[in-house]
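Below, chains carry the letters A, B, ... as their sequence lines are ordered, and counting in each starts from 1. Computation of the quantities below employed the complete heavy-atom set of this structure, encompassing side-chain atoms and omitting hydrogens, waters and symmetry-equivalent molecules.
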Amino acid sequence: GENVEQHPSTLSVQEGDSAVIKCTYSDSASNYFPWYKQELGKRPQLIIDIRSNVGEKKDQRIAVTLNKTAKHFSLHITETQPEDSAVYFCAPKYSGGGADGLTFGKGTHLIIQP
Amino acid sequence: DSGVTQTPKHLITATGQRVTLRCSPRSGDLSVYWYQQSLDQGLQFLIHYYNGEERAKGNILERFSAQQFPDLHSELNLSSLELGDSALYFCASSGRDNSPLHFGNGTRLTVT
């Protein structure tokens with residue numbers, strides 16, 4: 001199965017600063033790279049995803065970059081706001097028609113300091 | 001609203017008992033995933049079903065079992081419950097390959 005590592009486990013930034021979370025995976029056949037956000041007491045929700053034929057994708061203050069050679073992808077949040085405080089999970093996925101689960105990273109607790 | 005429905009929202013039961021958690025996926029989604037999330041922990045993958053067939057198993061205990069029915073809803077059965085099984089259990093559904101997961105609001109299980 002996929003071995004997924006997320007760093008850091010906790011990230012505290014000042015409001016307005018940028019935050020970067022990195023996800024490293026082991027399966028070179030992974031071809032779908034999503035990030036999920038889970039606010040306290042709520043369900044995880046997709047915030048951005050990227051497929052293996054693209055190196056970067058941006059959606060307003062959020063971006064994801066992919067380095068397939070090094071087998072890692074990163075979440076970038078600029079101009080952080082209090083509502084960005086949450087736990088963020090990566091979940092690289094291989095899907096080739098065979099058995100596939102979906103392994104999540106252990107999560108990064110992002111704290112936005114006012 | 002994600003379109004994924006999980007029932008019940010809360011469940012309190014005693015050790016040694018058996019419970020069934022239910023999940024209705026989004027309309028049209030064929031895949032159902034089950035995850036366990038303990039306090040301040042990540043999402044532990046339990047099992048994945050696709051169109052009624054088991055696709056992959058994660059860290060699912062032998063005391064746990066699941067199935068997906070012809071109408072695509074899924075049930076997760078937890079038996080011989082232990083205190084350590086207390087957790088939030090999420091179901092998620094997805095459509096075609098490489099599409100995002102849509103999570104239900106979870107079932108909070110408390111074993112006393």
Ring centres of B:Tyr35 and B:Phe45 under 6.0 Å apart?
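Yes, ring centres under 6.0 Å apart.
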So, for A:Trp35 and A:Phe73, is the gap between ring centers shorter than 6.0 Å?
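Between A:Trp35 and A:Phe73, the centre distance is under 6.0 Å.
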Please classify the contact between [X] and chain A as side chain, backbone, both or neither, with a heavy-atom cut-off of under 4.5 Å.
| X | answer |
| --- | --- |
| B:Glu54 | neither |
| B:Leu101 | both |
| B:Phe90 | side chain |

Measuring from atom CZ of A:Phe33 to atom NZ of A:Lys93, what distance do you get when rounded to the nearest 0.5 angstrom?
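It comes to 11.5 Å.
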For the atom pair OH (B:Tyr89) and SG (B:Cys23), what is the distance rounded to the nearest 0.5 Å?
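B:Tyr89 OH to B:Cys23 SG: 15.0 Å, rounded to 0.5 Å.
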Residue selection (most heavy-atom pairs with chain B, distance under 4.5 Å) from A:Pro44, A:Gly41, A:Gly107, A:Gly105:
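Heavy-atom pairs under 4.5 Å are most numerous for A:Pro44.
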Winner by heavy-atom pair count (cut-off under 4.5 Å) against chain B, out of A:Arg51, A:Gln45, A:Lys42, A:Gln6:
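Of the candidates given, the most pairs with chain B belong to A:Arg51.
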Which one, B:Gly42, B:Ser31, B:Ala92, B:Ser99, leads in non-hydrogen pairs under 4.5 Å with chain A?
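The residue among B:Gly42, B:Ser31, B:Ala92, B:Ser99 with the greatest pair count is B:Ser99.
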Select one option (side chain, backbone, both, neither) describing which atoms of A:Gln38 are under 4.5 Å from chain B's heavy atoms.
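Answer is side chain: those atoms of A:Gln38 sit under 4.5 Å from chain B.
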Interchain contact, A:Pro34 with chain B, by part (heavy-atom threshold 4.5 Å):
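Contact with chain B: none, neither part.
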Are A:Arg43 and B:Phe103 in a cation-pi setup, meaning NZ or CZ lies under 6.0 angstrom from the ring centre and within 45 degrees of the ring axis?
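No; the conditions do not both hold, so A:Arg43 does not lie above the ring face of B:Phe103.
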Should the pair A:Lys71-A:Asp27 be classified as a salt bridge under the 4.0 Å nitrogen-to-oxygen rule?
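No.
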